[in-house]
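First up is the structure itself, then whatever we jot down about it.
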There are 2 protein chains.
Amino acid sequence: MPTTIRDISKETGLSLATISKYLNGGNVLPENREKIAMAVEKLHYEVNEIARSLVTKKTRTIGVVVYSVECAFNGSFIHYVNNILSEKGYGLLICDSSNDEKKEAANIKFLLNKKVDGMIVTPVSNNTEFLKPAKTAEVPVVLVDRALKSSEFDCVKIDNRTTAMDAVNLLIKNNHQKIAIICSAKEYTGIERYKGYRDAMSQAGLSVPASYQKKGIHAMEYGYESMKQLLKLKDRPTAVFMTNYELTLGAVMAVNESSEVNCPEHISMLGFDDLILAHVIQPRMYMVVQPVKEMGEKAVEQVLRRIAGNDDVSCEINMNAHLKRGNSIKMLA
Amino acid sequence: MPTTIRDISKETGLSLATISKYLNGGNVLPENREKIAMAVEKLHYEVNEIARSLVTKKTRTIGVVVYSVECAFNGSFIHYVNNILSEKGYGLLICDSSNDEKKEAANIKFLLNKKVDGMIVTPVSNNTEFLKPAKTAEVPVVLVDRALKSSEFDCVKIDNRTTAMDAVNLLIKNNHQKIAIICSAKEYTGIERYKGYRDAMSQAGLSVPASYQKKGIHAMEYGYESMKQLLKLKDRPTAVFMTNYELTLGAVMAVNESSEVNCPEHISMLGFDDLILAHVIQPRMYMVVQPVKEMGEKAVEQVLRRIAGNDDVSCEINMNAHLKRGNSIKMLA
DNA sequence: GTACAAAGGCGAAACGTTTCGCTTAAAAAT
DNA sequence: ATTTTTAAGCGAAACGTTTCGCCTTTGTAC
């Protein structure tokens, strides 16, 4: 049997209330303070967080649910969130939705049952219905990445549309006109980035044939297949914009496999998210880089603020992405 | 206030004990069963896992502590472990040791405080002192990957030495004689793989100059720097064996950056762990592949067995790695 | 020296479950 | 018809904390 606060009480002759006060930093006579410390030492006492949680209704645990841990953005994101949170003595309960809305809803319920103090979520889709139980349980939620502006939840994200416009404009400035896009069309982020592409193109007076618009799912395989198809077109694009990390990887694979087409000689590429992989591939990719670390920091900050009871209005934190230079884009004449 | 078992009791006129029995699948009259179900529905009752844990002393949560979430092996491993565990209704509390033994020890204590039912650990070093608290708390631990054979804990791993020997022998069979190694020398896995290399070389009657043995840390940067140095040698090796994923990536980077040296033309490479990155790099790498998924399955299986109270003798599960063909190795004349 | 405030301590109740031992009613066996 | 077994239900205690309201002691100001 592990020692309890009661054993400490017996050992010191002090009451439970006093021991508890000591443990929580209350006022205790130096003399008694000493006594308790010795007893704790002697009996190897450790507070039982479960019992504590039962009465305080705080678990010092944050739930993190991501659309897929396999997507590198989430892996990286979890890494940073974990770092900050563990420093503050918080635990991290991680759930993977595997891009499945049903699973996502189940994850929320699961975490609610586990009584997490708050949640950080990168959602599967832009349907936030699944968050209702958290709302009614009054557990704060911060949405990240695929976060909806219109939602009633806090969120931290980049301005996907503008960011994508800037990216495409870079290609246009390099005199590209036949610009294709490979994006995911199932969730907010992908859709917004697509809109940015569309707007940039029309602003520049450039039209885009349907065959240049690959709108699919967020997966390396889709990036690979799409790029293969683009390369086969009679009227091949001179540049391709990939709107997330996995799509970028797939596209690079496809180009690498081709013996005829070379990057940037025959095709220019602009990718998304400068995660570890990007350092190893040739040529060095031109990339849109999201500030993953900072996004993690902001998300943690915000969820902790809510937990502390700070009831300011629902807030939307916008971060800036930036372009990282590479040599995957060719300046056309 | 969320509804409790007491509310259900009031609503149905049945005792707490009966409600509890119902919740845990005991014998309850169909009639009462119905009544309770209706009350649960009506009052939106959800069991409070915290209170339950306090009395059952089970949290249905497994702690996973990895030497670094940034290392891809761990990311992949966590993914699989999470999948299985969530299916069984278990939560996953994840801790990152950042390759720091102090942090690792703190993580164990943290998880013990959180009262996890068991732990799965990929340790920082081969010093298992830090696991003592888990031992005394009688919380089962399964070591993975960098697991010590000699330890008093369950473990699942590959036979690192033999696997490395096989790998090096492949190079030898391709008539390579000047074979270098880039490995980490701080932990069990790296040391064992190095030994396999050394043994294979001496069995073949090949000697290895010190300059061919890069023994450092488990980091992409180290792989990069080491390969750079190897390429600069007057008597350059014809083949290099990298003993983990991050080292492999770094080495590939270095070769890719070189304008003179080409793989496999001028240098052959044999890497470790076929994680996502490996699909994107050129040339397609010859790889030693660990069965990450199966290792996760076995680890979960074993920790759950222990939790169930199965006190068979300490067990060591050995898995087989295999070689994945690529075109990064040149057959010498 | 009186009044008052502040500090330190205490007992008991509460948090929301499970479980133990007991009782009763119904069913089965004799 | 009587006994035995089984099923179903109940009350109360337990899990290990925190917290509330109250009491005592000590110190301080006038």
Side-chain angles (χ1 to χ4, degrees), chain A residues 1-37 39-40 43-61 89 91 112-117 137-139 309, chain B residues 1-37 39-40 43-61 89 91 112-117 137-139 309:
Chain A
M1 293 294 99
T3 66
T4 79
I5 214 179
R6 206 156 259 120
D7 301 320
I8 303 293
S9 167
K10 288 246 172 64
E11 177 79 13
T12 58
L14 295 165
S15 78
L16 293 186
T18 305
I19 313 293
S20 176
K21 224 186 210 172
Y22 167 88
L23 291 174
N24 296 287
N27 281 330
V28 176
L29 278 185
E31 180 195 337
N32 291 335
R33 192 167 274 284
E34 179 78 7
K35 255 200 252 175
I36 299 175
V40 165
L43 306 178
H44 303 107
Y45 171 76
E46 307 256 344
V47 22
N48 181 325
E49 300 279 357
I50 303 291
R52 174 179 280 177
S53 291
L54 181 58
V55 22
T56 62
K57 303 198 179 311
K58 293 273 169 243
T59 52
R60 288 190 80 74
T61 303
L112 251 21
N113 258 11
K114 289 280 182 197
K115 303 292 180 208
V116 294
D117 294 346
E138 296 186 2
V139 172
Chain B
M1 292 295 99
T3 67
T4 79
I5 213 179
R6 205 156 261 120
D7 300 320
I8 304 294
S9 167
K10 289 246 173 64
E11 178 79 13
T12 58
L14 295 164
S15 78
L16 294 185
T18 305
I19 313 293
S20 176
K21 223 186 209 172
Y22 166 88
L23 291 174
N24 295 287
N27 281 329
V28 176
L29 278 185
E31 178 194 338
N32 292 333
R33 191 168 276 283
E34 179 77 8
K35 256 201 250 175
I36 299 176
V40 165
L43 305 178
H44 303 106
Y45 170 77
E46 307 256 344
V47 22
N48 181 325
E49 299 279 357
I50 303 291
R52 173 179 280 175
S53 291
L54 182 58
V55 21
T56 60
K57 303 198 177 311
K58 292 272 169 245
T59 52
R60 289 190 81 74
T61 304
L112 251 21
N113 258 13
K114 288 281 183 198
K115 304 290 180 211
V116 294
D117 294 346
E138 295 185 3
V139 172

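Numbers restart at 1 for each chain; the letters A, B, ... are given by sequence-line order, proteins then strands.
Between the CD1 atom of I19(B) and the P atom of dT18(C) there is a distance of 11 Å, given to the nearest Å. A straight line from CG of L54(A) to P of dA14(D) spans 17 Å, rounded to a whole angstrom. Rounded to whole angstrom, the span from the CD1 atom of I5(A) across to the P atom of dT19(D) amounts to 11 Å. Taking atom NZ of residue K21(A) and atom P of nucleotide dG16(D), one finds them 24 Å apart after rounding to whole Å. As rounded to whole Å, 12 Å separates atom P of dT18(C) from atom CD1 of I8(B). Between the CG atom of L16(A) and the C1' atom of dC15(C) there is a distance of 15 Å, given to the nearest Å. Going from atom CG of N48(A) over to atom C1' of dG16(D) covers 6 Å, rounded to whole Å.
Using a 4.0 Å heavy-atom distance criterion, S20(A) is classed as a base contact. Within 4.0 Å (heavy atoms only), Y22(A) reaches no atom of the nucleic acid at all. Using a 4.0 Å heavy-atom cutoff across all strands shown, E31(B) reaches no nucleic acid atom at all. When heavy atoms are screened at a 4.0 angstrom cut-off, L29(A) is found touching the sugar-phosphate backbone but no base atom. Heavy atoms of L14(A) sit under 4.0 angstrom from primed sugar atoms or phosphate atoms, though from no base atom.
Place A51(B) and S15(B) on DNA chain D by their nearest nucleotides, and S15(B) ends up nearer the 5' end.
Proximity of R6(B) to the phosphate of dG16(C): no side-chain N or O atom is located under 4.0 Å from OP1 or OP2. At dA7(D), none of the side-chain N or O atoms of N27(B) fall inside 4.0 Å of OP1 or OP2 (strictly under the cut-off).
In this structure, the side chain of T12(A) does not engage the main chain of I36(A) through any donor-acceptor pair within 3.5 Å.
No hydrogens or angles considered: a donor-acceptor pair under 3.5 Å links the side chains of K114(A) and T61(B).
The side chain of K57(B) has dC15(D) as its nearest neighbour among dG8(C), dC15(D), dT17(C). Taking every side-chain heavy atom of A17(A) into account, dG11(C) is the closest of dC15(C), dT17(D), dG11(C).
Looking only at side-chain heavy atoms (C-beta outward), H44(A) and T3(A) stay at 4.5 Å or farther from each other.
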